[in-house]
There are 2 protein chains.
Amino acid sequence: MRSDCPLNYGLEIFGDKWTLLIIRDLMFFGKRYYNEFLASDEGISTTVLADRLSLLERQKIIRKRKDKEHKQRIVYSLTEKGIDLLPVLINIGLWSDKYASRLNPHRDIIIGAAKKDYMSGIEEMKRRLYDIHLQ
Amino acid sequence: MRSDCPLNYGLEIFGDKWTLLIIRDLMFFGKRYYNEFLASDEGISTTVLADRLSLLERQKIIRKRKDKEHKQRIVYSLTEKGIDLLPVLINIGLWSDKYASRLNPHRDIIIGAAKKDYMSGIEEMKRRLYDIHLQ
DNA sequence: CCGCATCCCTATAGATACTG
DNA sequence: CAGTATCTATAGGGATGCGG
């Protein structure tokens, strides 16, 4: 499966049904805790979640830390490498929005800004993610 | 796994390691025949290839026809729905190009135009794909 | 030969139950 | 709460068959 194609590099990391959904949860839905990811609509199982979180951390796409206030909780957040996946997620969202028959509730959260003005929408969202995840 | 999230719609279709590689071959490398896809660097197996081609056809992302000249050969091409995946592929490529340590030979073919000027690069490539695939 | 479909077998992904 | 252990289902590789 290894190859030097630039597309393949990305697909080796997030080319499965679950990885990008975790990133989506961090990126658009403000989730930060293990049990919040577990509670996603798609019903990710705990083995898959643990596996993908550790993969994403090894790839330096997310970062894990202890919660400052509740020392026993673990907080997940995006790195810059993770935030840079924003245009990928946005464009999957734009494509799905164009071709999915069924409307859906999270549409505006994910592609609202980018649909008005792609470039400035992306920039605005990116700034917000920097504030939240890179403090 | 079903949910109404717009990201999930796309991931249900191409959220695996192989589907987008076939689209890449159609989109950037000018491949059109079954045996050309089989010969990809990543070594897709014939069972997986047949499965994904039929999936992509059912999803109306690709179209299959008889070759005009060699009647016994089958030609695959992208539909408009398939061509609209261009920004997704491009952005995976841009991200990989930023973070993959290993350089690779197909870099320019995939992200060259989009890196100079994203919007006009995409438009230019899209026009070329329309010419080739939608005749 | 070309484009698959089928069969078999193995590797891996994923669901459930359980634990520090 | 944040995972592991265990078990099972499924995906995928390779060989082969088969119609056009």
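All chains are named by letter (A, B, ...) in the order of the sequence lines, taking the proteins before the strands, and each is independently numbered beginning at 1.
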Strictly below 4.0 Å: does A:R52 bring a side-chain N or O up to OP1 or OP2 of C:dG14? yes
Proximal nucleotide (of C:dG3, D:dC1, D:dG3) relative to the A:Y34 side chain: D:dG3
Report, as yes or no, whether the 6.0 Å neighbourhood of atom NZ on B:K98 holds more than 12 heavy atoms from other residues, nucleotides or ligands. yes
Length of the line joining A:H70:NE2 and D:dC1:C1', which is rounded to integer Å: 13 Å
Going by the angle between their ring planes, with limits at 30° and 60°, are A:F37 and A:Y76 parallel, tilted or perpendicular? perpendicular
Quick note, A:S45 side chain, CB onward, closest among C:dC2, C:dG14, D:dT4 is C:dG14
Picking from D:dA5, D:dG12, C:dG3, the nucleotide nearest the side-chain atoms of B:R73 would be C:dG3
Distance in angstrom units between A:E42 CD and C:dA13 P, rounded: 20 Å
Please work out which of the three classes, parallel, tilted or perpendicular, describes the rings of A:W95 and B:F14, given edges at 30° and 60°. perpendicular
Rounded interatomic separation in angstrom, taking CD1 from A:I22 and C1' from C:dG14: 13 Å
Under 4.0 Å between any heavy atoms, over every strand shown, what does B:K66 touch: base, sugar-phosphate, or nothing? Just pick one. nothing
Rounded distance in Å - CZ (A:R32) to P (D:dC1): 17 Å
